[in-house]
Amino acid sequence: MTHAHITSWLITIVLFLIAVSMARRGAGKAKVVQMVLRLFYLITLATGLMLLHGITTISPLYWLKALAGLWVIGAMEMVLAAEKKGKRTAAGWTQWIVALVVTLFLGLMLPLGFDLF
């Protein structure tokens with residue numbers, strides 16, 4: 001299940017960057033990419049919940065990682081909404097980067113992650 005989760009959030013990040021790029025250019029298909037992106041939000045959430053459910057003793061750091069993952073998704077939506085309205089996106093991008101770094105660090109540090117740290 002770990003590989004499915006990693007694959008889903010990698011695809012989510014790629015789709016997010018494509019959606020932002022298309023929204024900046026005013027492409028008509030940006031709405032379709034955003035809908036597919038939202039589908040991958042759900043897939044990422046589902047695989048993350050399955051991973052969380054499969055842990056016998058849940059450390060508080062896993063809950064923190066789950067909250068940070070939700071923060072990443074929220075920041076993505078903030079960037080896309082601001083981009084669509086033509087407003088400044090600096091705050092959304094900053095939140096997205098911070099939340100992504102926190103989530104990746106916790107994900108790689110915890111036992112279900114890879115041994116990088």
Side-chain angles (χ1 to χ4, degrees):
M1 187 55 57
T2 304
H3 293 297
H5 185 63
I6 291 170
T7 303
S8 69
W9 62 254
L10 278 175
I11 293 171
T12 300
I13 291 172
V14 170
L15 284 172
F16 168 66
L17 296 174
I18 291 170
V20 169
S21 173
M22 290 178 80
R24 284 185 179 167
R25 288 185 282 134
K29 302 282 185 188
K31 190 98 173 156
V32 173
V33 174
Q34 284 185 352
M35 288 297 117
V36 174
L37 174 62
R38 289 179 180 138
L39 173 67
F40 271 91
Y41 289 160
L42 295 175
I43 294 170
T44 302
L45 287 171
T47 56
L49 287 172
M50 283 190 244
L51 281 171
L52 200 57
H53 180 68
I55 301 171
T56 55
T57 57
I58 299 176
S59 162
L61 287 177
Y62 280 110
W63 291 111
L64 182 63
K65 182 191 176 291
L67 288 174
L70 290 173
W71 183 20
V72 171
I73 292 173
M76 286 179 177
E77 282 296 310
M78 284 176 52
V79 169
L80 288 170
E83 196 69 52
K84 184 178 179 181
K85 293 178 183 178
K87 295 185 177 182
R88 295 183 52 164
T89 58
W93 279 109
T94 303
Q95 284 191 46
W96 183 70
I97 291 169
V98 170
L100 185 65
V101 167
V102 168
T103 305
L104 286 175
F105 176 75
L106 287 172
L108 294 172
M109 181 190 73
L110 291 167
L112 282 180
F114 296 106
D115 273 341
L116 291 181
F117 302 112

Engineer: Is it possible for you to say whether Leu67 and Met78 belong to one hydrophobic cluster, with membership spreading through side-chain heavy-atom contacts below 4.5 Å?
Structural biologist: no
Engineer: Hydrophobic clusters here meaning ILVMFWY residues chained together by side-chain heavy-atom distances under 4.5 Å, can you tell me if Leu10 and Leu70 are in one?
Structural biologist: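 Hydrophobic grouping puts Leu10 with Leu70.
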Engineer: Is there a continuous path of hydrophobic side-chain contacts, each under 4.5 Å between heavy atoms, that joins Ile97 to Leu15?
Structural biologist: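 In one cluster: yes.
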Engineer: Do Thr94 side-chain atoms and Ala90 backbone N/O form a donor-acceptor pair below 3.5 Å?
Structural biologist: yes
Engineer: What about Met50 and Leu42, same hydrophobic cluster or not, with Ile/Leu/Val/Met/Phe/Trp/Tyr joined at side-chain heavy-atom distances under 4.5 Å?
Structural biologist: no
Engineer: Any chance you could measure Leu52, atom CG, to Met1, atom CE, to the nearest 0.5 Å?
Structural biologist: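 One finds 12.5 Å between CG of Leu52 and CE of Met1.
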Engineer: Answer yes or no: is there a side-chain heavy-atom contact under 4.5 Å between Thr47 and Thr2?
Structural biologist: no
Engineer: How long is the span from the CH2 atom in Trp96 to the OG1 atom in Thr89, to the nearest 0.5 Å?
Structural biologist: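 Output value for this atom pair is 12.0 Å.
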Engineer: Would you say Ile73 and Leu45 make side-chain contact, with heavy atoms under 4.5 Å?
Structural biologist: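 Contact flag for Ile73/Leu45 side chains = yes.
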Engineer: Mark yes or no for whether Thr103, through its side chain, and Ala68, through its backbone, hold a donor-acceptor pair below 3.5 Å.
Structural biologist: yes
Engineer: Side-chain contact test, heavy atoms from C-beta onward, threshold under 4.5 Å: evaluate it for Gln95 versus Val72 and give yes or no.
Structural biologist: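 A side-chain contact under 4.5 Å is absent here.
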Engineer: Closest approach of Gly92 and Ala75, non-hydrogen atoms and distance?
Structural biologist: O-CB, 4.0 Å
Engineer: Verify the cluster assignment for Met109 and Trp63: are they in a single hydrophobic cluster under the rule of side-chain heavy atoms below 4.5 Å apart?
Structural biologist: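 Same cluster.
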Engineer: Given side-chain contact (heavy atoms from CB on, under 4.5 Å), test Leu51 with Tyr62 step by step and report yes or no.
Structural biologist: CA-CA 10 Å; Leu51 281 171; Tyr62 280 110; over 6 Å; no
Engineer: How far apart are the C-alpha atoms of Met76 and Tyr41, what are their side-chain angles, what is the distance that settles it, and do they pass the side-chain contact (heavy atoms from CB on, under 4.5 Å) test?
Structural biologist: CA-CA 10 Å; Met76 286 179 177; Tyr41 289 160; 3.3 Å; yes
Engineer: Measuring from Glu77:CD to Arg38:CZ, what's the distance to the nearest 0.5 Å?
Structural biologist: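 Result: 4.5 Å between the selected atoms.
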Engineer: Does the separation of the ring centres of Phe40 and Trp9 fall below 6.0 angstrom?
Structural biologist: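 Here the rings of Trp9 and Phe40 have centres that are no less than 6.0 Å from each other.
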Engineer: CG of Leu100 to CZ of Phe16: how many Å apart, nearest 0.5 Å?
Structural biologist: 9.5 Å
Engineer: What's the verdict on side-chain contact (heavy atoms from CB on, under 4.5 Å) for Met35 and Val32, showing C-alpha distance, side-chain angles and the deciding distance?
Structural biologist: CA-CA 5 Å; Met35 288 297 117; Val32 173; 5.8 Å; no
Engineer: What is the distance from atom CD of Gln34 to atom NZ of Lys29, rounded to the nearest 0.5 Å?
Structural biologist: 14.0 Å
Engineer: Please round to the nearest 0.5 Å and tell me the distance separating atom CD of Glu83 and atom OG of Ser21.
Structural biologist: 9.5 Å
Engineer: Is there a side-chain contact between Ile58 and Ile55 (heavy atoms, below 4.5 Å)?
Structural biologist: yes
Engineer: Side chains of Lys84 and Lys31: does their closest heavy-atom pair fall under 4.5 Å?
Structural biologist: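 Yes, at least one pair of side-chain atoms sits under 4.5 Å.
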Engineer: Taking the side chain as every heavy atom from C-beta outward, state whether Ile11 and Thr7 have any atom pair closer than 4.5 Å.
Structural biologist: yes
